[in-house]
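Below: one structure, written as structure tokens.
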Amino acid sequence: MYMNNDWIEFHETGYEEKRRNPRVLLTKERVFRLNRKAIELLGRPKAVAFRFDVGRGRIGIRVEEPGVPHAFPARLQDKRGYTTIIHGAQFCSRFGIKPESTIEFDGVRLDDDGTMILDLATARRR
């Protein structure tokens, strides 16, 4: 018996490939989750400062000294060092960033002054 199939081929990046590239997620609880490559791109900081480009809808994360009042601690989630988390609820609330579910940022990179750019316009739901 012959069946007609309406296949849609899956072309998403596999897990191993994602581990090789900087990857940042923002959860519904407004926690930023950076993989090892993303935190290494920033230089493994102990704290960061957030920025927001209102016109372009982009979040910026920049290295900051831990004692500065506007600094947010960056801490390892697990002992293996695969994921670093930054609680960003206060920042997200200030700028009305309310993800309905976890989103993943594509093309994570640093600009010329060392700020990590996370574009909300191209972020995808996970």
Side-chain angles (χ1 to χ4, degrees):
M1 175 188 251
Y2 178 78
M3 296 177 128
N4 287 333
N5 294 306
D6 190 15
W7 297 112
I8 297 173
E9 192 159 336
F10 182 74
H11 286 280
E12 294 287 327
T13 305
Y15 179 73
E16 285 299 318
E17 184 65 24
K18 285 184 177 189
R19 285 182 53 189
R20 288 187 214 124
N21 295 308
R23 187 169 169 222
V24 179
L25 306 175
L26 176 57
T27 69
K28 181 179 180 178
E29 294 78 21
R30 298 167 297 171
V31 174
F32 289 85
R33 298 172 48 85
L34 289 73
N35 74 348
R36 183 181 288 177
K37 292 293 182 182
I39 202 67
E40 286 173 354
L41 186 62
L42 278 173
R44 292 198 170 274
K46 299 279 186 216
V48 300
F50 288 111
R51 297 174 164 187
F52 190 62
D53 182 336
V54 177
R56 292 187 174 113
R58 298 187 311 181
I59 296 170
I61 299 177
R62 185 170 166 81
V63 175
E64 187 57 84
E65 292 297 319
V68 175
H70 61 271
F72 289 77
R75 64 179 178 82
L76 288 175
Q77 180 178 10
D78 55 35
K79 292 180 183 181
R80 297 175 297 177
Y82 291 138
T83 305
T84 296
I85 61 172
I86 305 164
H87 292 274
Q90 188 178 6
F91 163 76
C92 290
S93 291
R94 168 65 176 85
F95 292 102
I97 302 167
K98 301 174 188 171
E100 295 176 12
S101 62
T102 297
I103 57 174
E104 181 174 355
F105 295 95
D106 290 324
V108 175
R109 67 192 188 287
L110 296 185
D111 68 7
D112 293 339
D113 72 350
T115 299
M116 179 176 282
I117 300 169
L118 307 175
D119 193 340
L120 288 165
T122 60
R124 299 180 286 120
R125 282 187 182 179
R126 279 194 70 223

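Note that the structure is a prediction, hence the values are computed from the model and not measured. Positions are given from 1, in the same order as the sequence printed here.
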Where Pro66 and Ala71 come nearest, the two heavy atoms and their spacing: O-CB, 4.0 Å

Approximate separation, where rounding is to 0.5 Å, of Ile39 CD1 and Arg33 CZ: 12.5 Å

Linked, directly or transitively: Val31 and Val108 (ILVMFWY side chains, under 4.5 Å): no

For Phe105 against Ile103, the heavy-atom pair lying closest together: CZ-CD1, 3.9 Å

Sidechain N-carboxylate O distance under 4.0 Å for Asp106, Arg124: yes

Arg23 side chain near Lys37 side chain, heavy-atom distance below 4.5 Å: no

Hydrophobic cluster membership, Leu76 vs Phe72, 4.5 Å side-chain cutoff: no

Same cluster (ILVMFWY, side-chain, under 4.5 Å), Val48 and Leu25: no

Residue Arg94 excluded, over 12 heavy atoms near CZ under 6.0 Å: no

Non-hydrogen side-chain atoms of Thr84 and Arg75 separated by less than 4.5 Å: no

Ile59 and Phe91, any side-chain heavy atoms less than 4.5 Å apart: yes

Least distance between heavy atoms, Arg56 atom then Asp119 atom: O-OD1, 4.0 Å

Ile85 reachable from Leu42 in the ILVMFWY side-chain graph, under 4.5 Å edges: no

Lys/Arg-Asp/Glu bridge criterion (N-O < 4.0 Å) met for Arg125, Glu100: yes

Expected output: side-chain Ser93 to main-chain Ala89 donor-acceptor under 3.5 Å: yes

Flag if over 12 foreign heavy atoms under 6.0 Å of CD, Gln90: no

From Lys98 atom NZ to Leu26 atom CG, the distance as rounded to the nearest 0.5 Å: 13.5 Å

Audit row: Arg51, Asp111, salt bridge (charged side-chain N to carboxylate O under 4.0 Å, His left out) steps and yes/no: CA-CA 13 Å; Arg51 297 174 164 187; Asp111 68 7; 5.2 Å; no

Heavy-atom side-chain proximity of Asn35 to Tyr82 below 4.5 angstrom: no

Ala38 versus Val24, closest heavy-atom pair with distance: CB-CG2, 4.0 Å

For Arg30 against Cys92, the heavy-atom pair lying closest together: CD-CB, 3.6 Å

Pairwise side-chain contact, Arg62 with Asp113, heavy-atom cut-off 4.5 Å (strictly under): yes

Aromatic ring proximity, centroids under 6.0 angstrom, Phe32 and Phe50: yes

Hydrophobic cluster membership, Val54 vs Leu118, 4.5 Å side-chain cutoff: yes

Ile117 side chain near Leu110 side chain, heavy-atom distance below 4.5 Å: no

Interatomic spacing from CZ in Arg58 to CG in Asp53 - rounded to 0.5 Å: 5.0 Å

Nearest non-hydrogen partners of Gly60 and Thr115, listed with the distance: CA-CG2, 3.6 Å

